[in-house]
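Written below as structure tokens is the structure these notes are about.
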Amino acid sequence: MEEYQGVWVFIEQSEGEIAGVSLELLGAGRQLADKLEVSLAGVLLGDNVRELSTQVIGHGADIVYMIDDPVLKYYRTESYMKGVNYLAQKYKPEIFLYGATPNGKDLASAVATDLSTGLTADTTMLDVDVEKRLLEASRPAFGGNIMATILCKKNRPQMATVRPKVIKALPFDGVRMGEVVDETIDLREEDMRTKVLEIVKDVTKTASLADAHVIVCGGKGMGDLEGFKLIHELADTIGASVGGTRDVIEAGWLPHELQIGQTGETVTPKIYFAIGLSGAIQHVVGMKNSELIIAINKDPNSPIFEAATYGIVGDAFEVVPKLIEQFKQIRVKQGGEVSYV
Amino acid sequence: MHIVVCVKQVPDTKIIKINPKTNTLDRRSAPAILNPYDAHAVQEAVRLKSILGTGKISVLSMGPPQATEVIKKCIEIGADEGYLISDRAFAGADTLATSYALSKALEKIASVEPIDLVICGKHAIDGDTGQVGPGIARRLDIPPVTNVIEVSEINSNDRTILVKRKLSNGYELVRVNMPCLLTVEKEINKIEYSPLPNMLKAARYKSNIWSVSDLGEVNIAQLGLKGSPTVVGKMFTPPKLEGGKVLEGTSDEQVSQLMDVLLEQKELLNVK
Amino acid sequence: MSEKFDVIVVGAGPAGTACAYTCAKNGLKVLQIERGEYPGSKNVMGGVLYRKQTEEIIPEFWKEAPLERPIIEQRFWMMDKESTVSFGYKGLEWGVEPYNNFTVLRAHFDQWFAKKGVEEGVLLINETVVTECIVEDGKVIGVRTDRPDGEIFADVVVLADGVNSLLAKQLGFHNELKPDQVALTAMEVINLPKDKINDRFNLQENQGCTIEIFGDSTKGNLGTAFIYTNKESINIGVGTTLSSMIKAKMKPYDLLDYLKTHPMVAPLLAGGESAEYLAHLIPEGGFHAVPKVAGNGVVVIGDAAQLVNAIHREGSNMAMASGKMAAEAVIQAKERNDYSESSLNSYREALYASFIMKDLEKYKDAAHLFENSPQYFKEYVPMLNQAMSKFFTVDGTPKKEKQKQIIKGFTSEKGTFGVMKDLYRAWKAVK
Ligand SMILES: Cc1cc2nc3c(=O)[nH]c(=O)nc-3n(C[C@H](O)[C@H](O)[C@H](O)COP(=O)(O)OP(=O)(O)OC[C@H]3O[C@@H](n4cnc5c(N)ncnc54)[C@H](O)[C@@H]3O)c2cc1C
Ligand SMILES: Cc1cc2nc3c(=O)[nH]c(=O)nc-3n(C[C@H](O)[C@H](O)[C@H](O)COP(=O)(O)OP(=O)(O)OC[C@H]3O[C@@H](n4cnc5c(N)ncnc54)[C@H](O)[C@@H]3O)c2cc1C
Ligand SMILES: Nc1ncnc2c1ncn2[C@@H]1O[C@H](COP(=O)(O)O)[C@@H](O)[C@H]1O
């Protein structure tokens with residue numbers, strides 16, 4: 001096991017653009033690597049991605065393992081897995097992190113199977129036990145406001161997928177130096193069983209939620225579909241996007257792409273309203289990095305108040321209409337110009 | 001065309017009650033259900049079979065003996081045959097050990113009738129890892145396509161299918177050779193209201209139940225707890241967030257304090 | 001052409017399952033159709049299950065059924081605003097085999113009971129609503145469900161679809177229920193630790209208690225409230241006839257809230273956590289409301305046939321007994337290969353010869369009397385409380401003088417004769 005050394009981050013890129021979560025993971029990986037006193041590497045696969053290695057190094061990596069090949073133009077499990085397996089078997093990292101995105105999770109699952117090692121899904125906190133050289137990958141556990149730390153004691157590499165937006169990326173450092181290790185493997189398009197015909201970027205509701213500056217999120221406390229209209233009304237009034245907790249989605253009050261939390265979207269708006277929701281850990285991990293969090297809940301012991309910047313203990317059906325009423329008396333234009341009606 | 005759907009029995013987390021003192025789940029309150037994503041997986045198999053006008057749908061589950069209940073549910077939706085692998089040796093499996101056991105069962109099913117397509121749910125709502133599907137594909141050495149939101153075309157002549165796969169910011173169109181494995185999102189279809197004859201069939205249905213010894217050559221060391229590299233190290237309540245300020249006063253006063261805070265951020269607002 | 005069964009039973013409450021079970025045990029091919037997610041999922045009951053009629057179907061059921069507690073004490077409260085007069089009986093003999101009654105949670109019990117039927121060969125399907133009986137030449141030959149390809153046939157259809165039996169109404173067996181023939185009841189299951197329940201109700205391990213409450217529990221309207229102890233929860237409910245609800249402009253949940261915060265009741269519930277809220281109708285029409293119960297190819301059992309003794313809150317036992325009788329009639333009908341009304345009328349005969357119709361007949365005027373004479377609940381209960389208060393307050397007045405005052409208190413407003421008349425009428429109605 002001692003032959004396994006170093007912390008690796010899979011660098012996810014699509015059409016030449018690195019996914020945000022990969023940069024965040026370089027930040028997290030940097031900390032782990034420093035504690036363990038080993039190097040941090042980014043694993044970069046793609047077609048014509050050579051230039052991206054500067055970004056990878058600038059955000060914290062010491063080494064970039066790169067395979068540049070036309071067959072790797074689009075992400076495909078079979079080709080990417082082959083490349084990553086090859087690198088991992090050759091250079092033997094002790095820790096290997098992936099973004100918990102569709103591609104990251106897909107790749108990590110396949111790689112873990114081939115390397116016969118443990119993989120922790122959707123982690124939101126990372127740490128390392130330096131003495132035992134153990135990755136401590138924590139995630140909200142099934143059942144209540146509790147986190148579980150998952151360990152992989154006997155197998156290497158220790159792998160985890162990590163939720164986007166739960167860790168901050170390091171600022172880009174243009175003078176950082178690093179090494180680029182160029183590798184090639186035998187990939188032939190005619191061996192591939194999958195073909196990506198087209199990638200369609202669409203600005204779906206999901207995307208708009210992820211990019212929103214202001215979000216009004218309602219919970220089960222809104223009672224029913226009728227009660228939930230108040231959430232839409234507030235959002236309409238201030239020009240915000242609407243989100244919901246999983247219970248709200250399960251109840252069918254909102255389409256599932258508007259779920260915020262561990263199994264939904266992670267969001268980091270400037271203002272986040274949490275109304276009539278209890279603040280279960282699975283929800284909080286998806287919104288706690290918002291800048292200004294305003295909670296309205298009638299239960300003073302509700303855990304959401306721990307996450308909130310400002311809290312109002314009160315009935316949403318009393319407080320929110322008053323808030324809407326206040327806004328109805330003023331007009332705020334985009335850009336911050338206020339006029340009174 | 002032989003489609004096998006992997007289905008898991010999970011506690012219904014939307015009804016589940018948590019004991020706030022011990023932070024554990026109140027099992028009495030959690031009825032066991034078919035993992036909702038897997039229901040969509042079965043429904044998709046039914047849809048494909050009806051488009052092709054022929055085919056067979058088998059479902060496979062690993063779990064305790066009561067998991068035959070979810071197999072019955074799949075028969076209601078329209079599956080033809082169901083297999084449960086159930087054995088103490090499987091207990092405590094993480095995703096690596098689960099995908100191993102399921103792939104062995106799939107090999108056995110395929111030895112009788114070759115499999116063209118395996119469908120899994122995007123994830124199981126109890127642990128939501130989403131790792132089992134791709135793990136199975138790897139073990140069977142068939143291509144996986146995860147997060148599928150639409151099967152647009154199925155071509156039995158050149159044995160390919162065309163699917164839409166959800167990405168973080170859109171989707172991609174992928175053509176893949178069969179046999180292959182798909183994991184499906186909920187939006188792929190709507191669960192149909194099952195016809196009465198299916199209900200009768202399900203009520204009568206007896207699942208095939210296999211233990212480890214029925215699976216042929218299996219490496220016991222790769223099963224269950226023993227075959228699981230991951231372990232739960234510790235459980236802890238998350239570090240308390242700082243918590244902010246709870247506004248005081250009557251609700252009118254609270255609202256007006258909140259307005260002050262919000263108007264500091266007024267450039268973010270767009271009040272019509 | 002769809003499959004044909006010997007019997008289709010609509011509903012998986014105690015009535016339907018008793019019938020399906022008995023038919024299947026005797027070799028009939030039975031289909032049971034339930035609209036809930038599982039048997040019991042939607043079913044509501046205060047929670048007293050009677051041993052006798054259950055045992056006649058499944059001997060020694062208490063050894064395996066999911067029961068809450070055997071009832072060893074029954075209390076009755078005549079409750080006023082800040083006082084209550086109580087009496088009751090507690091007997092330890094009820095705490096050992098063969099027991100008397102039990103508290104149950106229907107979601108658990110019905111599920112178990114239906115499973116026993118399935119083990120005998122009943123084919124049970126859930127989440128399926130029977131929308132109507134299929135009638136041909138004046139004969140019921142099957143049912144139509146809300147599912148695609150949803151028709152299915154049988155020699156006999158058993159309607160066990162509960163109090164508001166739409167199916168029996170469609171067949172013209174009975175009319176829309178009148179507001180004074182049904183009680184609307186709201187109940188709540190409140191979780192409470194076992195030790196607290198034992199302390200507060202003075203119980204030991206595996207002992208249960210029931211409290212029936214009259215008077216202010218319904219704000220003096222015709223109806224009752226109840227508190228029953230489960231293993232680790234309490235069932236509390238209150239109901240009045242629909243007509244009283246309408247007259248007094250009450251909502252069942254408001255009434256329940258009133259009861260829960262009543263100073264006599266609140267301490268029993270303190271610290272509990274609400275687990276479930278339910279509302280349901282209870283047929284209270286009694287003897288006069290029982291509809292036609294047998295037709296060509298069809299029988300009606302349980303609440304669907306309005307078989308409830310409102311005064312004693314007996315329903316599940318009548319449901320089971322009627323289900324068993326119907327099953328026996330169907331089995332005989334099969335032997336004769338005759339499913340006509342006259343053949344199935346052996347069920348009606350058995351029913352009318354049994355305790356069910358005898359009990360219902362005995363109380364046939366009671367509900368009516370109380371409905372039309374609000375003084376029983378509105379006046380006599382408070383009077384009784386005042387009387388007791390006077391009697392037990394130690395203030396130096398001689399006891400004899402107290403008795404005089406009390407009698408005067410009772411009779412001054414109505415006159416001695418009025419009170420006597422009321423008491424006589426009440427005695428006659430329930431005697
Ligand atoms: C594996 C797994 C994954 C999960 N993933 C997610 C996820 O991604 N996102 C997510 O959100 N959840 C997720 N959950 C569910 C999560 O654990 C909680 O159950 C859920 O977030 C609770 O939703 P809620 O806060 O809307 O409802 P509740 O917990 O029921 O809270 C309702 C709140 O409303 C308050 N309230 C009631 N009435 C009023 C009123 N009139 N005015 C003001 N306040 C009122 C109450 O005090 C209460 O605090 C997951 C769970 C599991 C097991
Ligand atoms: C608050 C309350 C307290 C009570 N307390 C007691 C008590 O303590 N002890 C006692 O013995 N009795 C009590 N009763 C009465 C008792 O609950 C009933 O008498 C008994 O449940 C009747 O059984 P049943 O099988 O006839 O009807 P139900 O139990 O009502 O069962 C009818 C079944 O049919 C199903 N169904 C209905 N329509 C359809 C359809 N169209 N298609 C398919 N399925 C259908 C329903 O889902 C249900 O499962 C109480 C009732 C109430 C409301
Ligand atoms: N025990 C199991 N039996 C059958 N299928 C399973 C089992 N566990 C997981 N799966 C399948 O794998 C998918 C993803 O599960 P998971 O990786 O646990 O989130 C599920 O939707 C199922 O299709």
Side-chain angles (χ1 to χ4, degrees), chain A residues 77-78 101-102 105-106 109-110 113-114 117-121 142-152 155 193-202 207 213-214 238-239 250 256 263 270-271 281 305-314 318-319 322-323 326-327 331-332 334-336 338, chain B residues 14 18 23-25 94-96 99 126-131 134-135 138-139 143-147 166-177 186 229-238 240-241 243-247 251-252 254-255 258-259 261 263 265-272:
Chain A
T77 323
E78 29 178 1
T101 59
K105 293 182 72 158
D106 182 273
S109 306
T113 311
D114 256 38
T117 193
L119 172 61
T120 307
F142 172 59
N145 278 314
I146 199 149
M147 301 278 292
T149 304
I150 313 290
L151 308 173
C152 172
N155 305 49
R193 294 170 291 183
T194 17
K195 304 249 179 292
V196 175
L197 306 182
E198 191 186 359
I199 292 187
V200 182
K201 296 228 165 92
D202 81 19
H213 289 308
V214 186
I238 58 176
E250 294 286 348
H256 58 92
T263 32
K270 300 265 195 296
I271 308 179
I281 183 68
F305 290 118
E306 286 162 22
T309 334
Y310 293 98
I312 290 186
V313 177
E318 189 186 334
V319 176
K322 284 186 177 162
L323 196 59
Q326 292 273 313
F327 275 113
R331 297 230 191 290
V332 186
Q334 225 154 12
V338 181
Chain B
K14 84 178 171 239
I18 311 291
N23 262 323
T24 52
L25 146 167
D94 73 356
T95 55
L96 193 73
S99 68
D126 54 353
D128 55 40
T129 72
Q131 294 173 177
R138 190 59 215 117
R139 292 180 185 281
V145 185
T146 49
N147 305 77
K166 187 173 176 172
L167 298 173
S168 304
N169 56 352
Y171 66 88
E172 63 185 6
L173 214 54
V174 181
R175 185 176 294 284
V176 54
N177 295 357
K186 277 187 184 168
T230 57
V231 292
V232 178
K234 60 172 190 239
M235 304 280 267
F236 62 100
T237 36
K240 279 219 173 187
L241 295 165
K245 194 173 153 202
V246 172
L247 303 177
S251 65
D252 283 320
Q254 290 173 332
V255 168
L258 187 57
M259 283 303 287
V261 172
L263 286 176
Q265 308 282 336
K266 56 187 185 263
E267 64 285 350
L268 294 171
L269 306 174
N270 183 17
V271 181
K272 271 155 252 156

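Order of the sequence lines sets the chain letters (A, B, ...), proteins ahead of strands, with each chain counted from 1. Because the structure is a prediction, the values reported are computed rather than measured.
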Choice from A:Gln326, A:Lys270, A:His213 maximising heavy atom contacts with chain B below 4.5 Å:
A:Gln326
Can you name the closest pair of heavy atoms from B:Asp94 and B:Pro229 and give their distance?
OD2-CD, 3.2 Å
Out of A:Ala148, A:Ala110, A:Gly311, A:Gly314, return the one with the most heavy atom pairs under 4.5 angstrom to chain B.
A:Gly311
Side chain, backbone, both or neither: which part of A:Val214 has a non-hydrogen atom closer than 4.5 Å to chain B?
side chain
Please check if any side-chain donor atom of B:Gln131 sits under 3.5 Å from a side-chain acceptor atom of A:Ser109, or the reverse.
no
Inter-residue atom distance A:Ile312.CD1 - A:Glu318.CD, 0.5 Å rounding
10.5 Å
Just give me the residue among A:Ile271, A:Val319, A:Leu119 that pairs up with chain B most often, heavy atom to heavy atom, under 4.5 Å.
A:Leu119
Nearest heavy atoms of B:Gly135 and A:Thr113, plus distance in Å
CA-OG1, 3.4 Å
Based on non-hydrogen pairs under 4.5 Å, which of B:Val246, B:Leu258, B:Val231 is most in contact with chain A?
B:Val231
Contacting region of A:Asp106 [heavy-atom separation from chain B under 4.5 Å]:
both
Pick one of side chain, backbone, both or neither for B:Leu167, based on which atoms fall under 4.5 Å of a heavy atom in chain A.
both
Tell me which of these, A:Thr77, A:Asn155, A:Asp114, A:Thr101, has more heavy-atom pairs under 4.5 Å with chain B than the rest.
A:Asp114
Is any side-chain heavy atom of A:Thr194 closer than 4.5 Å to one of B:Val145?
yes
Structural part of B:Asn147 lying under 4.5 Å from a heavy atom of chain A:
side chain
Closest non-hydrogen contact found for A:Lys105 with B:Asp128 is NZ-O, 4.3 Å
Relative to chain B, which segment of A:Thr117 carries a heavy atom at a distance below 4.5 Å: side chain, backbone, both, or neither?
backbone
Minimum heavy-atom separation for B:Arg139 to B:Leu96, with atom names?
NH2-O, 3.0 Å
If you look at every heavy atom in B:Val255 and A:Lys322, which pair is closest and at what distance?
CG2-CB, 3.9 Å
So which of A:Val200, A:Val196, A:Leu197 has the biggest tally of heavy-atom pairs under 4.5 Å with chain B?
A:Val200
